[in-house]
Amino acid sequence: MTETKDAGAASRTEDQWRAQLDPDQYRVLRQAGTEPPWSGRFVDHHEDGTYRCAGCGAVLFGSSTKFESGSGWPSFFEPATAEAVELRTDKSHGTVRTEVVCRACGGHLGHVFDDGPQPTGQRYCINSLSLDFAKE
Ligand code: FE
């Protein structure tokens with residue numbers, strides 16, 4: 001499997017994203033939407049492999065860091081690499097959260113919380129719609 005990133009992803013226009021992504025993916029990745037809990041295809045997904053950005057293909061999470069959070073969204077205790085994601089303060093919805101974004105394309109992935117398991121204590125709460133999966 002190639003690790004090559006989608007070089008044009010960072011400069012893609014919103015019209016191009018709309019053409020590339022299906023409407024549900026567009027709403028989550030480009031408009032910071034959230035899929036309904038328990039609706040995503042990776043919530044109860046347990047195969048060994050790699051989760052990539054559904055927008056640009058960047059490697060984001062490995063199956064070995066996935067855990068059962070009970071939240072209704074796929075949950076990971078760390079990203080594949082620190083550089084894979086960018087964290088941003090999100091003050092929407094009357095609260096302060098930390099948004100998780102794909103560093104390569106700027107796509108919204110989900111949020112990270114401090115109530116995860118060891119070894120990191122972090123819970124990356126990620127929309128299935130933002131992810132693609134490839135078996136190991
Ligand atoms: Fe991406």
Side-chain angles (χ1 to χ4, degrees):
M1 185 187 300
T2 176
E3 296 297 314
T4 304
K5 284 182 184 169
D6 177 352
S11 58
R12 204 163 287 154
T13 67
E14 288 309 307
D15 280 350
Q16 288 172 322
W17 282 119
R18 210 175 270 112
Q20 176 191 328
L21 301 169
D22 73 38
D24 288 334
Q25 286 179 317
Y26 182 83
R27 182 177 50 78
V28 172
L29 278 166
R30 306 308 309 176
Q31 300 183 313
T34 301
E35 69 194 15
W38 307 109
S39 71
R41 62 184 172 139
F42 296 130
V43 179
D44 283 320
H45 186 259
H46 301 290
E47 287 182 280
D48 291 338
T50 301
Y51 294 86
R52 289 174 179 260
C53 177
C56 74
V59 172
L60 297 176
F61 297 97
S63 58
S64 64
T65 68
K66 194 173 187 293
F67 68 97
E68 295 306 307
S69 66
S71 67
W73 291 276
S75 300
F76 305 86
F77 61 74
E78 68 183 355
T81 63
E83 300 77 39
V85 299
E86 183 180 324
L87 305 182
R88 298 179 181 167
T89 300
D90 173 10
K91 294 182 177 172
S92 67
H93 302 287
T95 182
V96 180
R97 294 177 294 170
T98 302
E99 181 187 12
V100 184
V101 172
C102 173
R103 191 182 297 275
C105 76
H108 172 82
L109 305 174
H111 292 86
V112 60
F113 302 94
D114 287 333
D115 58 6
Q118 293 304 313
T120 63
Q122 297 201 301
R123 171 171 61 96
Y124 286 81
C125 185
I126 305 299
N127 291 282
S128 297
L129 284 168
S130 298
L131 300 174
D132 279 330
F133 178 78
K135 275 192 200 183
E136 240 153 40

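Position 1 is the first residue of the sequence; numbering continues from there. Ligands are counted one by one from 1 in listed order, and the atoms in each one are counted from 1 as well.
Between E83 and R103 there is no salt bridge, since no side-chain nitrogen of the basic residue lies less than 4.0 Å from a carboxylate oxygen of the acidic one. Look at R41 and D132 and you find a salt bridge, because one of the NZ, NE, NH1 or NH2 atoms lies within 4.0 Å of a carboxylate O, short of that distance.
The salt bridge (charged side-chain N to carboxylate O under 4.0 Å, His left out) contacts involving residues 64-76 comprise nothing, where partners must be two or more places apart or lie in separate chains.
The aromatic rings of F42 and H45 sit perpendicular, their planes meeting at an angle over 60°, well past the 30° parallel limit.
Side-chain contact check for T13 and D15: no donor-acceptor pair (N or O, by modelled atom type) lies under 3.5 Å.
Distances from the Fe ion (ligand 1) under 2.8 Å pick out these protein N/O/S atoms: C53 SG, C56 SG, C102 SG, C105 SG.
Side chain of S128 to main chain of P74: no donor-acceptor pair is present (N/O by atom type, distance under 3.5 Å, no hydrogens or angles).
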